[in-house]
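Because only heavy atoms are used, hydrogens play no part in the values below, and waters and symmetry mates are left out as well, while side chains stay in. Worth saying up front: this structure is predicted, and the values here are computed from it rather than measured.
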Amino acid sequence: MLSTAVYIGGGFRQHQLLYMLPIVANFCKKKKIGKIIIEQKVSNKTLNHKVISNLKDNIELVFLPNLIRKKNFFYKILFLKNILNFLFKYFFIKREDLLTNDSWIEKQIKHSIWDYGIKINKNEFENLEFIPKLRSIFLSARYLSYSEILLSYSNLKYAFFQHFVYFERSLFANLRHKNVKLIQKTRHVFRVQKKNYDQVANSLDKKIFIKSFKFLNKKRINNYWKNFLSGRSKNLESKNASKLSGKVKVAKNVIFLHVFRDSPFVCIDKKRIFSDYFDWFLSTLKIIGDSNELWQIRIHPSSLKWGEDPKKVIKFIKKKYFSGEFPKNIEFLNNSLSNLKSLKGAKRVVTFSGNVHVEAACHGIKPIIISNSTLVDYGKELFIKPKSFEQYNKILLKESSDEIFRLNEKQINTSRRIIFLLHNSCNFMKELNSGEIFFNLLKKENLIKIYNNIYNQLFKNKKYLEQLSSILISKVDQSLNSQFIKYFLKN
């Protein structure tokens with residue numbers, strides 16, 4: 001009989017494994033599971049930390065590289081089968097294939113291949129270039145094979161993962177397909193996933209929202225909102241965006257962009273009307289070119305931190321699709337105006353699925369979104385999500401003064417409660433004395449500093465980490481920091 005196990009994977013770094021191991025070990029203790037399989041080897045320094053070394057008495061730690069070597073022949077057969085199958089089925093994959101009516105697992109694998117291929121393309125956004133396509137197919141097939149090794153080796157019940165986009169999606173999609181419960185950690189927030197429905201990374205568990213009325217009053221929410229408007233946000237990207245300065249005139253219509261090559265598919269919304277992020281953006285530019293109003297397009301303020309030069313992307317679009325000149329009513333803003341000023345003057349806000357849609361709702365603007373986002377769980381009256389291209393076209397060409405883009409006081413209060421809880425209750429970065437890691441900060445000295453910060457605080461945080469794993473088992477489907485977890489530990 002196969003032994004029951006939990007998997008830790010999806011790109012965790014050594015400093016993250018420092019706190020993940022105590023969380024998962026306590027989770028295993030509560031669930032009476034005796035084995036943890038880890039995607040990569042863990043450093044000796046981590047394994048010898050007192051908090052973690054004590055865990056090894058009751059938990060067997062298995063490293064996936066060792067497991068693959070142990071089952072090397074079986075793995076090679078699986079990998080050969082999967083890569084031949086993927087080459088046959090996906091070599092001619094096109095962007096529009098992402099919207100076809102496939103089985104759940106088929107759709108996940110298509111997105112896995114397309115997603116990573118676009119990320120590593122040299123120039124293209126609409127097609128996969130030859131080498132990136134082969135590399136993406138190769139890696140997606142490899143990670144699907146890893147999932148089959150995991151499932152054959154143990155009775156895998158749960159998996160904790162850092163992300164499930166790009167080629168690693170094929171691994172986690174197969175685990176989920178085989179009834180493994182997935183728990184995602186994104187930017188110091190845990191979110192329990194549904195079997196056939198992706199929970200948005202920046203979403204809020206409705207159980208937290210409902211219970212918050214017992215301990216969170218309107219005055220406290222309004223005070224936070226005032227601080228938010230003055231640039232004192234608890235959310236790092238919101239805080240950075242609020243610091244931007246400039247004397248650019250504020251437009252009534254604002255489109256907030258994503259980082260172009262970063263994945264928009266944390267949530268695969270099968271009802272979205274555009275294949276991918278670039279498809280949406282290009283179509284949107286063509287529509288608003290016929291508008292009688294001024295439109296401002298805000299470059300994502302963290303683009304450079306994620307290793308992308310947005311000016312090159314915009315230049316590529318202008319040259320290839322607009323004969324070198326955008327319509328005169330379209331203006332691009334590259335860190336020349338803060339989010340706060342844009343939202344204060346805006347009447348209509350459009351985003352693919354960005355966090356800014358909640359901020360817009362807090363300002364009384366009903367945001368236009370393309371893919372499922374945080375507010376989707378709280379009522380369709382809080383947002384506009386077009387069901388067809390024709391409807392989207394009509395919405396963008398309406399007058400920005402139209403009442404369709406307004407929210408009432410009750411809806412605004414709901415949105416402000418959501419943003420308070422998202423920014424203040426779910427993120428446990430402060431407890432760990434950790435920090436956000438952007439692409440351009442992945443330097444050895446930065447990672448060592450964060451590792452040491454977490455290492456030195458680990459014993460102090462042991463009790464909290466155990467509490468965190470306990471609430472994920474039975475209380476809520478999301479993490480809570482030390483300030484708010486007490487409200488959910490009570491019966």
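The closest side-chain donor-acceptor pair between T46 and Y451 falls under 3.5 angstrom. Checking Q193 against Q199 by side-chain atom types alone, no donor-acceptor pair falls below 3.5 Å.
Two rings, from F190 and F428, have their centers less than 6.0 Å apart. Between F79 and Y146, the ring centre distance reaches or exceeds 6.0 Å.
Under a 4.0 Å N-O distance rule, the pair K81/E148 qualifies as a salt bridge.
Judged as a side chain to side chain contact (heavy atoms under 4.5 Å, CB included), and not counting sequence neighbours, the contacts of I268 are K107, Q108, H111, R169, D198, F265, R272. D205 pairs by the salt bridge (Lys or Arg N to Asp or Glu O under 4.0 Å) definition with K207, not counting sequence neighbours. Scanning for ring-ring contact (aromatic ring centres under 6.0 Å, His included) contacts around H163 gives an empty result, with sequence neighbours left out. Remark: K41 engages no residue in a salt bridge (Lys or Arg N to Asp or Glu O under 4.0 Å) (not counting sequence neighbours). Under the rule for a salt bridge (Lys or Arg N to Asp or Glu O under 4.0 Å), D290 has no partner lying at least two apart in sequence or in another chain.
Using cut-offs of 30° and 60° for the angle between ring planes, the F27 and F160 rings count as perpendicular. Taking the six-membered ring where tryptophan is involved, the planes of Y321 and F316 are perpendicular, since the angle between them exceeds 60° and thus also 30°. Using the six-membered ring where Trp is involved, F326 and F322 have ring planes that are tilted, between 30° and 60° apart.
The OG1 atom of T186 sits 11.0 Å away from atom CZ of R191, with the distance rounded to the nearest 0.5 Å.
Here the closest heavy-atom approach between residue W104 and residue A173 is recorded as CZ3-O, 3.3 Å. Scanning both residues, P22 and L55, for their nearest heavy atoms gives CA-CD1, 3.7 Å. Of all heavy-atom pairs spanning L98 and S275, the tightest one is CD1-O, 3.7 Å. Scanning all heavy atoms of the two residues, the minimum distance from W280 to I255 falls at CH2-CG2, 3.9 Å.
When each of I384, L397, T284 is checked for a side-chain contact (heavy atoms from CB on, under 4.5 Å) with Y392, only T284 meets the rule.
By the 6.0 Å and 45° rule, K133 stacks over the aromatic ring of F91. A cation-pi arrangement is absent between K31 and Y158, since the terminal nitrogen or guanidinium carbon is not both under 6.0 Å from the aromatic centre and inside a 45° cone about the axis.
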Q.
If you apply the rule side chain to side chain donor-acceptor pair (under 3.5 Å), what do you find for Y90 with S136, and how did you get there?
A. CA-CA 10 Å; Y90 306 119; S136 189; over 6 Å; no
Donor-acceptor pairs under 3.5 Å, side chain of residues 63-78 to any protein atom, not counting sequence neighbours: which ones?
from	atom 1	to	atom 2	distance (Å)
N66	OD1	R69	NH2	2.4

